[in-house]
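Notes to accompany the following structure.
Just so it is clear, the values below take in all heavy atoms, side chains as well, and ignore hydrogens, waters and symmetry mates. Residue numbers start from 1 in every chain, and the chains themselves are labelled A, B, ... in the order their sequence lines are given, proteins ahead of strands. Owing to the predicted nature of the structure, the values given are computational and were not obtained by experimental measurement.
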Number of protein chains: 2
Amino acid sequence: MVDLPQLPDDPSKLAREPLREQIRQVLVEGLLSGRWQPGERIVERRIATELKVSQAPVREALRELETLRLIETVPNKGARVRAFGVQDMAEIYPVRAGLELVAAQLAAPRLAADPSALEREVEALQAATARGDVSEQIRHSVEFHREVVRAADNSVLLHTWESLGVEVWTALSVRWLNMELHAKAADHAQITRAFREGDPAVGQMLSDHVLNYVEAALKSHEGAR
Amino acid sequence: MVDLPQLPDDPSKLAREPLREQIRQVLVEGLLSGRWQPGERIVERRIATELKVSQAPVREALRELETLRLIETVPNKGARVRAFGVQDMAEIYPVRAGLELVAAQLAAPRLAADPSALEREVEALQAATARGDVSEQIRHSVEFHREVVRAADNSVLLHTWESLGVEVWTALSVRWLNMELHAKAADHAQITRAFREGDPAVGQMLSDHVLNYVEAALKSHEGAR
DNA sequence: TGTGTGAATATTGCCGACAGATGAGCCTAC
DNA sequence: GTAGGCTCATCTGTCGGCAATATTCACACA
C-alpha cells in the first residue's frame with residue numbers, strides 16, 4: 001500500500017482503471033465530439049486496434065453505451081451510432097421530469113434543512129453563464145439536478161436517473177440542436193429558494209423546469225419535423 | 001425469405017438465440033428459484049463450465065444482471081448475489097410509481113379510446129386468482145402495468161421501466177417476502193374503468209396502487225426491520 | 001437491361017489461455 | 001502468543017484466434 005493510486009491525467013498511456021471504463025469514456029467523447037456521425041457503423045475490432053486493446057473490453061463498453069441509448073446494436077450485425085434528434089428529447093425529458101418529481105418529494109425535507117449543495121451549484125452556474133463557458137454551464141446544470149436526486153437518498157432512483165445519461169444528452173442537445181441554456185440559472189435559483197422555504201409546489205416546479213428543456217430544444221430547432 | 005424464422009421450443013440443444021441471452025435467462029431463473037442464495041459468490045468460470053460455454057458470454061450476461069441490480073460486482077473481486085429485502089422494495093416502488101404516473105398521463109387518450117388490452121389482462125388476472133395460480137397472477141399483474149407503459153408510446157419510458165426488472169422483483173417479493181397479491185385484481189379493474197371513462201385522476205390512482213405494493217410487502221414482513 | 005446466384009470479404013460471437021490482482025494459509029521473528 | 005511477511009491457490013480482466021454469419025460484389029442468365 002505504498003504507492004499512490006491517484007490517477008494524474010495521463011492520457012498518453014491508459015491509466016490504472018478498469019480498461020472497459022476508459023474505453024467507454026473514449027467512445028462517449030468520440031460520440032459527443034462528432035468523431036462518429038449518426039448512423040455510422042462502429043466496428044469492434046477497428047476500435048480495438050485503434051486503442052491498442054483487445055475486442056473483449058470494447059464489446060463490454062459498447063454494451064454500456066447501448067443502455068445509454070447512444071448506439072443501437074442488432075445481433076450479428078453490430079452497432080451503429082443512433083440518429084438522435086428532437087424526437088429523442090421529447091421522449092427523454094418527460095421521463096426525467098417524472099423521476100425528478102419523485103426525487104423532489106423525497107428530498108424536500110433534507111434540502112429544506114440544508115440547501116447548501118444546491119446553492120453552490122447555482123452560484124457556479126451563474127459564474128459559468130457570466131463567463132459564457134458552455135461546457136461548465138452544462139456541468140453545473142446537470143450537477144444541480146443530480147444533487148436533488150441524490151438528496152432523495154434512494155439508490156434505485158439515482159441509478160435510474162443516471163441511466164438516462166443526462167450529461168451526455170444535455171451536451172448533445174446543445175451541440176446538435178443548438179439548445180439555449182441561458183435563463184436556466186434563474187430557474188435553478190428559484191427552485192433552490194422553494195426548497196429552502198419548504199414550498200410544497202417545488203416538485204411541480206422542478207418537473208416543469210425539466211419539461212422546459214424540451215421546449216427550448218423544440219424552439220431552437222424551429223419547425224424542423 | 002422462404003423459411004419460417006419461428007423458433008419452436010427446442011430446449012434440448014441451445015437454440016439459435018444469442019448465447020448470452022440464454023445464459024442470462026438461466027441465471028435469472030437460478031436467482032428466482034433460490035439456486036443461489038443472497039450474498040453467495042458467483043464465479044464466472046464455474047457457470048461457464050456448468051453450462052458448457054466459455055467465460056465471455058457469461059460475463060456479458062452478468063453485466064446485464066448488474067443493471068437489473070440482481071447482483072453486485074466489485075472490480076477484480078467478482079459478483080455476489082445481492083441481499084435484497086424490504087429496503088429494496090421501498091426504493092424501487094416509488095420510482096415505479098413515478099414512471100407509471102407519467103405513463104398514465106401520456107397513455108390516457110389512447111387507453112380511453114381502446115382499453116381492450118387492459119381488460120384482457122384484468123380478466124386473465126381474475127381467472128388466475130380464482131385458480132390460485134400464483135405465477136400466472138404475477139405474469140398478468142405485471143403485464144397489465146406494462147400495457148399501460150406501452151400505451152404511453154414513449155420508448156425511453158418503456159426502456160426505463162423495463163430496466164427496473166418489474167417481473168423479477170415482483171416474483172422476488174412474493175417468494176422471499178410472502179407478499180400477497182390478492183385484492184390486486186379489483187384495483188386493476190377499477191383503474192381500467194377509470195381509463196375507459198377518461199377519469200383525470202387515473203394517474204394518481206395508478207401511482208397509489210403501485211405504492212400499495214410496498215405496503216403489502218411491509219405488512220407481510222411485519223415488523224422486521 | 002434487370003435479376004437471381006454464388007463466391008469473396010468483413011465482422012460478430014465465441015472460445016481457450018494467460019497475466020495480474022486478491023485473499024487464505026503458513027511460517028517466522030519477536 | 002501474536003504481528004508481519006511470504007507463498008500459493010483462485011479468480012477476474014484481457015488477449016489473440018477461429019468458426020459462423022452477414023454483406024458485398026461479380027457474374028451469368030433471362
Side-chain angles (χ1 to χ4, degrees), chain A residues 1-7 10 12-27 30 35-37 39-67 70-82, chain B residues 1-7 10 12-27 30 35-37 39-67 70-82:
Chain A
M1 305 286 187
V2 209
D3 59 319
L4 45 169
Q6 69 176 190
L7 44 148
D10 180 4
S12 62
K13 219 53 184 174
L14 297 174
R16 297 297 166 201
E17 267 189 41
L19 198 44
R20 64 172 169 281
E21 208 55 30
Q22 303 168 33
I23 296 172
R24 185 176 66 82
Q25 206 63 22
V26 171
L27 290 175
R35 162 106 164 57
W36 291 284
Q37 293 297 311
E40 188 172 339
R41 202 144 163 231
I42 296 191
V43 180
E44 296 174 359
R45 274 177 125 248
R46 178 141 41 207
I47 310 288
T49 306
E50 191 169 324
L51 298 181
K52 302 288 212 326
V53 297
S54 175
Q55 186 187 8
V58 175
R59 279 176 71 84
E60 302 195 7
L62 285 178
R63 282 289 143 62
E64 291 190 39
L65 294 194
E66 194 182 4
T67 72
L70 289 174
I71 62 173
E72 274 176 335
T73 62
V74 181
N76 285 326
K77 280 197 54 181
R80 311 185 89 82
V81 180
R82 257 178 55 93
Chain B
M1 303 287 187
V2 207
D3 58 321
L4 45 168
Q6 68 176 189
L7 42 149
D10 180 6
S12 61
K13 218 53 182 174
L14 296 174
R16 296 300 163 197
E17 266 188 45
L19 197 45
R20 62 175 171 283
E21 208 55 31
Q22 303 169 33
I23 296 172
R24 187 176 66 82
Q25 206 64 22
V26 171
L27 289 175
R35 162 103 163 56
W36 291 287
Q37 294 297 311
E40 188 172 338
R41 202 141 164 238
I42 297 193
V43 180
E44 297 174 356
R45 293 177 100 169
R46 180 139 40 210
I47 310 288
T49 307
E50 192 170 323
L51 298 182
K52 301 288 211 325
V53 296
S54 176
Q55 191 185 2
V58 176
R59 279 176 71 82
E60 302 195 10
L62 285 178
R63 281 288 142 60
E64 293 190 39
L65 295 194
E66 196 181 3
T67 72
L70 289 174
I71 63 174
E72 270 177 339
T73 309
V74 181
N76 285 324
K77 282 194 54 178
R80 311 183 91 76
V81 180
R82 257 177 56 90

Set of side-chain hydrogen bond (donor to acceptor under 3.5 Å, both in side chains) partners for [X], sequence neighbours left out:
X	result
B:Q55	B:E44
A:T73	A:E66
B:E64	B:R24

Rounded distance (Å) that lies between atom [atom2] of [N] and atom [atom1] of [X]:
X	N	atom1	atom2	value
A:L19	C:dG20	CG	P	14 Å
A:Q55	C:dC15	CD	P	13 Å
A:E21	D:dT12	CD	P	18 Å
B:R24	C:dG13	CZ	C1'	17 Å
B:R59	C:dG13	CZ	C1'	15 Å
B:E60	C:dG13	CD	P	8 Å
A:R63	C:dT12	CZ	P	11 Å

Candidates C:dA17, C:dG16, D:dC15 - which lies nearest the side chain of A:A56: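 Of all the options, the side chain of A:A56 is nearest to D:dC15.
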Can you list everything that forms a side-chain contact (heavy atoms from CB on, under 4.5 Å) with B:R35? Sequence neighbours excluded, please. B:S33, B:E50
How close do A:A48 and A:S54 get, heavy atom to heavy atom, and via which atoms?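 For A:A48 and A:S54, the tightest heavy-atom pair comes out as CB-O, 3.6 Å.
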Hey, what bend do you get for the helix from C:dT1-D:dA30 to C:dC30-D:dG1 if you fit axes on five pairs at each end, rounded to 10°?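 That helix has its two terminal axes inclined by roughly 0°.
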Among B:L65, B:L27, B:V81, side-chain contact (heavy atoms from CB on, under 4.5 Å) partner for B:L70: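 The single option meeting the side-chain contact (heavy atoms from CB on, under 4.5 Å) with B:L70 is B:L65.
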Side chain of B:R80, backbone of B:G39: donor and acceptor closer than 3.5 Å? yes
Tell me, do B:R20 and A:R63 make a side-chain contact under 4.5 Å, heavy atoms counted? yes
Would you tabulate the pairs of protein nitrogen or oxygen atoms and nucleotide nitrogen or oxygen atoms of nucleotides 6-11 of chain D closer than 3.5 angstrom?
from	atom 1	to	atom 2	distance (Å)
D:dC11	O3'	B:R41	NH2	3.2

